[in-house]
Every structure is written in structure tokens, then in C-alpha cells.
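One-based numbering, in listed order, for ligands and for the atoms of each. What you see below is based on every heavy atom in this structure, not just the backbone, and it leaves out hydrogens, waters and symmetry mates.
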Amino acid sequence: MNVHPAIAAFATEGGALSVGGIPVDRLAERVGSTPFFAYDRGLLTRRVELLRSVLPSGIDLSYAVKANPMPAVVQHLSGLVDSFDVASALEMRVALDTPMPATRVSFAGPGKTTAELIQAVAAGVTIEMESENEADRVIAIGERLGIRPRVAIRVNPDFQVKGSGMRMGGGPQQFGIDSERVPAVLKDLAVADLDVLGFHVFAGSQNLRAESICDAQRQTVELALRLAEDMTGPLRYLNLGGGFGIPYHEKDQPLDVAAVGANLAELLDGQIRPHLPEARVVIELGRFLVGECGVYVTRVVDRKQSRGKTYLVVDGGLHHQLAASGNFGQVIRRNYPLAIGNRIGAEPDETATVVGCLCTPLDLLGSDVPLPRADVGDLVILFQAGAYGLTASPTAFLSHPAPAEVLV
Ligand SMILES: *Cc1c(COP(=O)(O)O)cnc(C)c1O
């Protein structure tokens, strides 16, 4: 029986899955209720180690907190990564509650309110400015508070990344300042009381093609070299984005991170160090760091037949794990890996369709999945649930209770 790599990443004992060394049925007793999310501390650590082993030492690793803002997860990662990227004031607070210094926190995202910008300037985090209007507000806030804001310009590049699940750069965008406008913006900023550190380019998410990511990084460095000529001081910060994907579906091949690491080493030695010697070079990753380290644990409430089809109805659903239902950025719905908690690797007995407890046909968690037989009370585990799970789901929909989250 072929076990999906996302399932095989977790330890099993006698066919029972364990998370952080605890068998999942026992963990369910410890948590006290299903459904719940469980994140494996050891897998998080190993994930960072994997990246460190392929990235050149001059590349800083930033964690994009929006992928999984659970405070315990962010706290754990604070000891492993070099910086955090946040996208709201509350994410910033979670990041600043860890030992990570404010100078290693950056704040990106369109539509930052003035209240958020005040908090960010006062905190001393790096504001990745997404528009000229935002820049004007940051300058005014700095003057009022008597603080010199630390800023970078988020640049909407003049190229696109091929193969991204979600494109966030190139063409018209709500993200960043169009690259052709950046020289003029830099000129305006030069006379303001701002500490302009450098540039941030994030052009897309969920990319499994190393060649496309390498190509985007090469073009980003070229763009930064061009734009740096219009800076008054040296470029001290270059955030190359990330977009490293993880394989959700059967036909997805894992990203060749070693190839991306080799490309970054070449860029560092060939372009960045000679021309931008003071630049702190960052890649920022969310999904790749945490996505494979978490599971969503549900329990079978009902098992039923309908006109020849077997349904397993579980106590969770899309209100907690929207992505598995295919309604978070998927064009064609495909199954996320799932398994019966105490029968990992067992031969399938039947084909079952796993649905959640919401009264909508959208609440489909696994369509026609070959599975060992599961009955009422058994645990159904959904994998690849560590990123964009709970906080990317409509928890209020149908008014069921919120699930627990544990880091084990
Ligand atoms: C969402 C986001 C990320 C993280 O993207 P992943 O695909 O989860 O790695 C990184 N940077 C910015 C600016 C983002 O908005």
C-alpha cells in the first residue's frame, strides 16, 4: 500500500498515527474533544533543518506568520528562523510576544490601516510599504511619534512567476508599488525622515516548480540591482519572497529545494555580494515551513450508504479546514491526503466519501477515497493541515464550536 509522503512523515506504531510521539487516539483523549488541529514540534524543527541544509548561509529564513499564527507555533519557530513576516497588527503582537527582536519583524499587506501603521512604527518593525499613500501616512506617523520609521518598498515586479498556485506579482496588482514607479518614489522618500532599508518582492504562492522559483529569484535580484541605483544609501534589506509549495495531491511532485538553494548560492556569490554587500537577503516562507507538520483530527459520527455509495460523516468540516474541501484557491477539487487514525498503511477495504457535518454539499473532505473500513467513533485524519487551516476557514459558518489546536 502506497502511503502519501505527507502521511509517511508522521511516526506510526502498529498502524496508529502519532503526533509529537503521542498516539493520536490518546492525544484525542488528552485534548478532550474532536475535531482538533495538532502540530508536530519535531517535524517543524526538521523542516527548518531541511531548509538550512540546502540554503547558503548568507540567506536569512523568515516565517510568514499568516500561514499558521498559533502563538505556540510562532514561539517555537522564533528559536529556529531568523525573522518573522506579519500581515496584521494581531499577528505582529503574536510575533513580538516571542524573543524575536522587533528589528527582525516585517509587516506586509495591502490596506494597512493608520492604526496598524502607528502600532508598527511604535514597535520598530520594518514596514513593507504597499503604496505611495501608505508611505505618506508612515512619514506623518513617524513625525508625530518622533520615531524614524524603518521601511522597505514592496515592489510589484515587471515579470510574472510561472506555476504559482496564487499569483501575487506582475501585471496590475493590489500588492506593492509598480516597479517602474519605484525610482520616483525613492526620490520622494529621500527627503523624508525614513530609514529606507530596501525592497520586498513576493510574486506568488504554492509553487512546486524549482525552475520557476529560480527564474523569479534571478529576475528579482536583477530588478533590485536596477532599483538600488536610485537609493540614496546602500541597500540593506532584500526580501526575495518565497512561494515554495508543498505536494497536496497524488500527482504533485515535491519541490526540489536543493535546486533553489543552489540557485540562491549562485546569486549571492555572483550578484548580491559584489554589488549589494550590505544587503541582508531574506526568503520568507509560510506553507512550506508548517503545512506538512499539522493534521486535522476528526471523528466519524455516522456511516451511511446512499444508492451504492458509502459515506463517512465526521464531526469536522470545511468550517475548520476549508482548503481540504477545495474551496480555498483550487480550480478543480482534488482530495487532500487523509487516513483512518489507527489503520495507517492498511490495505483499503472499500471506497468511501468523507463529508463534514455542515449542511451544505460543499462540505466534502474526501471524494471516493480507497480506505480501510472505518466505523462510528474512528478517527479520520486530514493531512497537510498545518498551513492555511483553521485561520483560513469560515469558523462561524453553521455555528459549530471552534476546534482546539495543540502543539505536541
Ligand atoms: C502569504 C505570504 C507569504 C507566505 O506564502 P506561502 O505560500 O505560505 O509561503 C509570504 N510573504 C507574503 C508577503 C505573503 O503575503
Side-chain angles (χ1 to χ4, degrees), residues 39 44 47-48 50-51 55 59-70 73-74 77 81-92 94-95 104-112 116 120 125-131 134 151-157 161 163-170 173-177 198-210 212-213 216-217 220 237-248 252 254-255 257 260 281-294 322-323 328-330 384-393:
Y39 313 117
L44 288 170
R47 201 69 176 167
V48 176
L50 163 73
L51 282 163
L55 293 175
I59 297 283
D60 276 7
L61 184 58
S62 187
Y63 172 53
V65 171
K66 81 167 187 279
N68 187 330
M70 185 202 183
V73 167
V74 180
L77 286 171
V81 300
D82 302 297
S83 48
F84 285 141
D85 187 68
V86 299
S88 71
L90 188 50
E91 283 187 9
M92 183 179 83
V94 170
R104 289 301 180 106
V105 176
S106 55
F107 189 171
K112 297 185 199 76
E116 285 178 313
V125 306
T126 302
I127 300 170
E128 301 189 313
M129 303 188 303
E130 307 264 352
S131 73
E134 192 174 306
V151 301
I153 296 179
R154 171 132 179 218
V155 181
N156 176 28
V161 190
S164 275
M166 283 190 206
R167 200 156 57 72
M168 293 169 71
Q173 287 291 341
Q174 72 265 52
F175 307 107
I177 297 175
F199 304 113
H200 172 213
V201 176
F202 179 78
S205 181
Q206 179 53 19
N207 201 326
L208 290 171
R209 285 153 57 177
S212 302
I213 292 175
Q217 288 172 339
T220 301
Y237 175 74
L238 178 56
N239 186 332
L240 298 173
F244 295 17
I246 59 174
Y248 287 101
D252 290 346
L255 173 67
V257 276
V260 178
V281 187
V282 180
I283 59 163
E284 59 181 11
L285 306 177
R287 190 191 310 270
F288 189 87
L289 278 173
V290 293
E292 304 208 302
C293 306
L322 181 67
F328 186 67
Q330 268 191 56
Q384 309 292 56
Y388 306 111
L390 180 55
T391 58
S393 301

For this session: Would you mind telling me if ligand 1 is within reach of the side chain of Lys66, the backbone, both or neither, using heavy atoms under 4.0 Å?
Result: side chain
Exercise. Roughly how far, to the nearest 0.5 Å, is the OG1 atom of Thr220 from the CD1 atom of Ile213?
Worked result: 11.5 Å
Exercise. With a 4.0 Å cut-off on heavy atoms, is His200 touching ligand 1?
Worked result: yes
For this session: Answer yes or no: does an N/O atom from Arg154 fall short of 3.5 Å to an N/O atom of ligand 1?
Result: no
For this session: Please lay out, stage by stage, how Arg154 and Glu128 fare under the test salt bridge (charged side-chain N to carboxylate O under 4.0 Å, His left out).
Result: CA-CA 5 Å; Arg154 171 132 179 218; Glu128 301 189 313; over 6 Å; no
Exercise. Do you know which of Ile283, Leu289, Asn207 makes side chain to side chain contact (heavy atoms under 4.5 Å, CB included) with Phe244?
Worked result: Ile283
For this session: Measure Ser205 to ligand 1 on non-hydrogen atoms and call it side chain, backbone, both or neither using the 4.0 Å cut-off.
Result: both
Problem set entry | Donor-acceptor side-chain pairing of Ser106 and Thr126 below 3.5 angstrom | no
For this session: Find out whether the Lys NZ or Arg CZ of Arg47 is both under 6.0 angstrom from the six-membered ring centre of Phe288 and within 45° of the ring's axis.
Result: yes
Exercise. For ligand 1, which atoms have a heavy atom of Glu284 less than 4.0 angstrom away?
Worked result: 10 (C), 11 (N), 12 (C), 13 (C)
For this session: Dump the intermediate steps for side-chain contact (heavy atoms from CB on, under 4.5 Å) on Met70 and Leu390, then the final yes or no.
Result: CA-CA 10 Å; Met70 185 202 183; Leu390 180 55; over 6 Å; no
Exercise. Among Gly291, Gly286, Gly243, which residue places a heavy atom closest to atom 9 (O) of ligand 1?
Worked result: Gly286
Exercise. Counting each atom of ligand 1 from 1 as listed, which ones have a heavy atom of Met168 under 4.0 Å away?
Worked result: 15 (O)
For this session: Test side-chain contact (heavy atoms from CB on, under 4.5 Å) on Val290 and Leu77 and set out the steps.
Result: CA-CA 10 Å; Val290 293; Leu77 286 171; 3.9 Å; yes
Exercise. Would you say Tyr388 touches ligand 1, if touching means a heavy atom closer than 4.0 Å?
Worked result: yes
Problem set entry | For Ala64, the ligand 1 atoms whose distance to one of its heavy atoms is below 4.0 Å | 3 (C), 4 (C), 10 (C)
